[in-house]
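Quick note on labels: first sequence line is chain A, next is B, and so on, each numbered from 1. Nothing here was measured: the structure is a model prediction, and the numbers come from that model.
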There are 2 protein chains.
Amino acid sequence: MQQQPRSVRTIYATSARRAIVDLLKSERRYLTAATIFAALKPAIPKLALSTVYRTLELLVGKGTVSTRAETNGEAGFVFCTDAHHHHAICTACGHVDEVDCDAMERFKLDLLQNQSFVLDEHAVEFFGRCARCR
Amino acid sequence: MQQQPRSVRTIYATSARRAIVDLLKSERRYLTAATIFAALKPAIPKLALSTVYRTLELLVGKGTVSTRAETNGEAGFVFCTDAHHHHAICTACGHVDEVDCDAMERFKLDLLQNQSFVLDEHAVEFFGRCARCR
DNA sequence: CTGTATGCAAATCATTTGCAGCTTA
DNA sequence: TAAGCTGCAAATGATTTGCATACAG
């Protein structure tokens, strides 16, 4: 079940890619492809929306970016680490923080004891107020 | 911020609606509009996909059905109660169980004490093995 | 130079909508 | 009967893809 090395493909560090990663890194909240495109278009006039989509797909594959479906059907993207974690989303500013898993582990044990459900995977999103907005 | 009573609209119990609800009730796992359509088409030849969508929208509004985005971009729908709860999804059969919130409340307290994050809302999905598939 | 990435425009595909005819209450 | 539904076909809107050209290494 190993990932096949498929003849090493060199990934180029182009200006478009750098710009997209930089934006995601500085924003740290869910952005749609269209939003990213609109934000960078002025600085990079020849940028194409398809390039944004292709770059995001690449980043999600690398684990550098996490994605989720927004309520309106669009996809949102955030910069994040690839370690297992969950998102704490501020309802005031949209800032996305990562939540460590220690508390989650305790919760998992609790769930097993009280509902005898064997927890393998979980997807969690928390909505509340971050330190700055409190 | 109250919901306006908007001149009471009578909701008809049509055969198409009954069929869709019955299917969701008996399956108890995430189904896409297309899947539902394909499953009922043989029995109801004149059924239209748009009717399936319109019915699902109605059910989600009533709280009878819960929806989520599948990985391939389609929307999945499950029958469920309208009380606040979370889903425990069996990775073997896809069966969706509801998880009560007591454990969640304890988790919330834990999160506040250890990461000082004020939890307002949360969206959780658990993946594991249900009693039948264990 | 050579393998990658990009822009552009056209193609997909799930979901939505307008409208005239059909049903339910 | 009237208020709600439904099917049908066409419209929408996000995302994807083919291809010739531009660029990074």
Whole-Å gap separating P (dC23(D)) and CZ (R17(A)): 15 Å
Between dA14(C) (C1') and I36(B) (CD1): distance, integer Å: 14 Å
Validation row: F77(A), L31(A) side chains within 4.5 angstrom (heavy atoms): no
N72(A) and E70(A): side chain donor to acceptor below 3.5 Å: no
F37(B)-V60(B) co-clustered via ILVMFWY side chain contacts under 4.5 Å: yes
T32(A) side chain to A75(A) backbone, donor-acceptor under 3.5 Å: no
Distance in angstrom units between F37(A) CZ and dC8(C) C1', rounded: 11 Å
Closest non-hydrogen atom pair between F79(B) and V65(B), with its separation: CA-CG2, 4.2 Å
T64(B) side chain near L24(B) side chain, heavy-atom distance below 4.5 Å: no
For DNA chain C, the residues among residues 53-60 of chain A that have a non-hydrogen atom under 4.0 Å from it: R54(A)
Heavy-atom pair with the smallest gap, counting every atom of P42(B) and A38(B): CD-O, 3.2 Å
Listed pairs under 3.5 Å, donor-acceptor, residues 14-23 of chain A side chains, sequence neighbours left out:
unit_1	atom_1	unit_2	atom_2	d
T14(A)	OG1	R17(A)	N	3.3
R17(A)	NH1	Y12(A)	O	3.0
R18(A)	NH1	A13(A)	O	3.1

Divergence of helical axes at both termini of the helix from dC1(C)-dG25(D) to dA25(C)-dT1(D) - five pairs an end, 10° steps: 40°
Other residues, nucleotides, ligands: >12 heavy atoms within 6.0 Å of E57(B) CD: no
Atom pair distance, as rounded to whole Å: CD in E74(B) and C1' in dA14(D): 14 Å
Value in whole Å for how far the P atom of dA14(D) lies from CZ of R68(A): 17 Å
Sugar-phosphate only, base, or nothing, as touched by A34(A) at under 4.0 Å among non-hydrogen atoms: nothing
Nearest-Å distance for atom pair CG/P, residues N72(A) and dT16(C): 11 Å
Nearest to side-chain heavy atoms of R9(A), which nucleotide of dT15(C), dT16(D), dA5(C): dA5(C)
Exercise: identify the closest heavy-atom pair between K41(A) and L47(A): NZ-O, 2.9 Å
N or O in side chain of K46(B) less than 4.0 angstrom from dT23(C) OP1/OP2: yes
Between C1' of dG7(C) and CD1 of I20(A), the distance in whole Å: 13 Å
Comparing Y12(B) and L49(B) on DNA chain C - which has the more 5′ nearest nucleotide: L49(B)
Of the listed nucleotides dA24(D), dA9(D), dC5(D), the one nearest the side chain of T14(A): dA24(D)
Given dT15(D), dC23(D), dT15(C), the nucleotide with the shortest approach to the side chain of A33(A): dT15(D)
Distance in angstrom units between E70(A) CD and dA14(D) P, rounded: 13 Å
Upstream residue (5' side of DNA chain C) when S15(B) and T32(B) are each assigned their closest nucleotide: T32(B)
